[in-house]
Each structure stands twice: as structure tokens, then as C-alpha cells.
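Following: one structure in C-alpha cells, then a few remarks.
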Amino acid sequence: MILEAALLTIGKERQEEFERAMAQATHLIAATPGFRGLELRPCLEDARRYLLLVHWDRLEDHTDGFRGSERYTRWKGLLHHFYDPFPVVEHFAAPVVAVPDPSRDPAARAEG
């Protein structure tokens with residue numbers, strides 16, 4: 001699985017409008033083969049910033065499958081005018097170190 005990550009900075013006083021547009025746009029990316037999920041998290045320290053995390057089966061599912069589609073053209077029209085500056089989008093491989101959340105492990109809860 002591939003993790004796409006982008007730190008988004010939104011133009012001043014446009015957060016609510018951006019969040020509505022993102023909710024409206026999610027069906028476009030979700031329709032792409034290889035799409036496995038999306039999270040948009042607001043930053044606690046700066047209300048203009050968001051972390052976008054998208055899970056893909058393969059890098060090409062994003063770079064060719066989504067970005068090469070008509071759905072991406074519509075995605076851009078809904079969202080890209082909010083970004084100030086335009087974000088860097090990067091892709092990450094499987095974790096080399098991972099520690100599970102003990103609250104999600106029934107055995108850990110029983111021991112605690």
C-alpha cells in the first residue's frame with residue numbers, strides 16, 4: 001500500500017468553503033481503481049493548514065489512474081484555487097517501523 005501525503009495551506013478565511021468543496025470532491029477520487037481511503041485532518045496550531053492522506057494500492061493508481069482521468073480535472077476545478085501556496089504531494093512506502101495503538105488491541109487491553 002502507498003500513502004500519499006500533502007500539507008495543504010488554504011487561503012485566509014476560506015476553511016469552511018474548502019471543507020465543503022473537499023466533501024463534494026471525494027466521490028471523484030474514491031471512484032478510482034486502487035483507491036483505499038482518504039483522511040483530511042485540520043491542523044491544531046494553524047487553522048489554515050490541513051494534512052491530506054490518501055491510501056492507494058500502487059503509486060500508479062494515483063499518478064496515472066487518478067491524475068490521468070477526467071475526474072482529476074473536476075477535482076482540480078473544485079479544490080486547487082483554495083491552495084496558497086500550491087502543495088507538495090509526496091508518496092510513501094509501507095512503514096519500516098510501526099507500533100500499534102494498544103487501545104485497538106484486545107489482548108493489550110486485557111493485560112492492562
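Sequential numbering from 1 along the given sequence is applied to the chain's residues.
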Legend entry - CZ on Arg41 to CG on Leu51, rounded to 0.5 Å: 7.0 Å

Inset, instruction - Provide the full list of side-chain hydrogen bond (donor to acceptor under 3.5 Å, both in side chains) pairs with a residue in residues 20-33, sequence neighbours left out, each pair given once. - result: Thr32-Arg71

Inset, instruction - Would you mind listing the cluster partners of Leu7? Hydrophobic ones only (ILVMFWY), side-chain contacts under 4.5 Å, chaining allowed. - result: none

If you look only at distance, which donor and acceptor atoms sit under 3.5 Å apart when one is on a side chain in residues 91-101 and the other is two or more places apart or in another chain?
residue	atom	partner	partner atom	Å
His91	NE2	His62	ND1	2.7
Asp101	OD1	Ser103	N	2.9
Asp101	OD1	Ser103	OG	2.7
Asp101	OD2	Ser103	OG	3.1

Inset, instruction - Would you list the pairs meeting salt bridge (Lys or Arg N to Asp or Glu O under 4.0 Å) in which at least one residue belongs to residues 3-16, sequence neighbours left out? - result: Arg14-Glu17

Inset, instruction - Verify the cluster assignment for Phe86 and Trp75: are they in a single hydrophobic cluster under the rule of side-chain heavy atoms below 4.5 Å apart? - result: yes

Inset, instruction - Indicate if Leu28 and Tyr72 have the same hydrophobic cluster label, given that clusters are the connected sets of ILVMFWY residues with side-chain heavy-atom separations under 4.5 angstrom. - result: yes

Inset, instruction - Quick one: pull up CG in Leu78 and OG1 in Thr73 and give me the separation to the nearest 0.5 Å. - result: 11.0 Å

Inset, instruction - Could you pull out the closest heavy-atom pair between Leu79 and Ala25, with the gap in Å? - result: CD1-CB, 3.9 Å

Inset, instruction - Would you indicate whether the side-chain heavy atoms of Tyr83 and Thr9 approach each other to under 4.5 Å? - result: no

Inset, instruction - Look up atom CG in Leu40 and atom CG in Leu8, then write down how far apart they are to the nearest 0.5 Å. - result: 6.5 Å

Inset, instruction - Please examine the side chains of Asp84 and Ile10, heavy atoms only from C-beta on, and report whether any two atoms are closer than 4.5 Å. - result: no

Inset, instruction - Can you measure from CG (Leu53) to CG (Leu38) and round to the nearest 0.5 angstrom? - result: 8.0 Å

Inset, instruction - Go through the structure and list residues passing ring-ring contact (aromatic ring centres under 6.0 Å, His included) with Phe18, not counting sequence neighbours. - result: Tyr50, Phe82

Legend entry - Rounded distance [0.5 Å steps], CZ in Arg74 versus CD1 in Ile29: 13.0 Å

Legend entry - Any Ile2 side-chain heavy atom under 4.5 Å of His55 side chain: no

Legend entry - Qualifying residues under salt bridge (Lys or Arg N to Asp or Glu O under 4.0 Å), relative to Glu60, sequence neighbours excluded: Arg58

Legend entry - Reference residue Phe35; test side chain to side chain contact (heavy atoms under 4.5 Å, CB included); the match among Asp61, Val54, Asp57: Val54

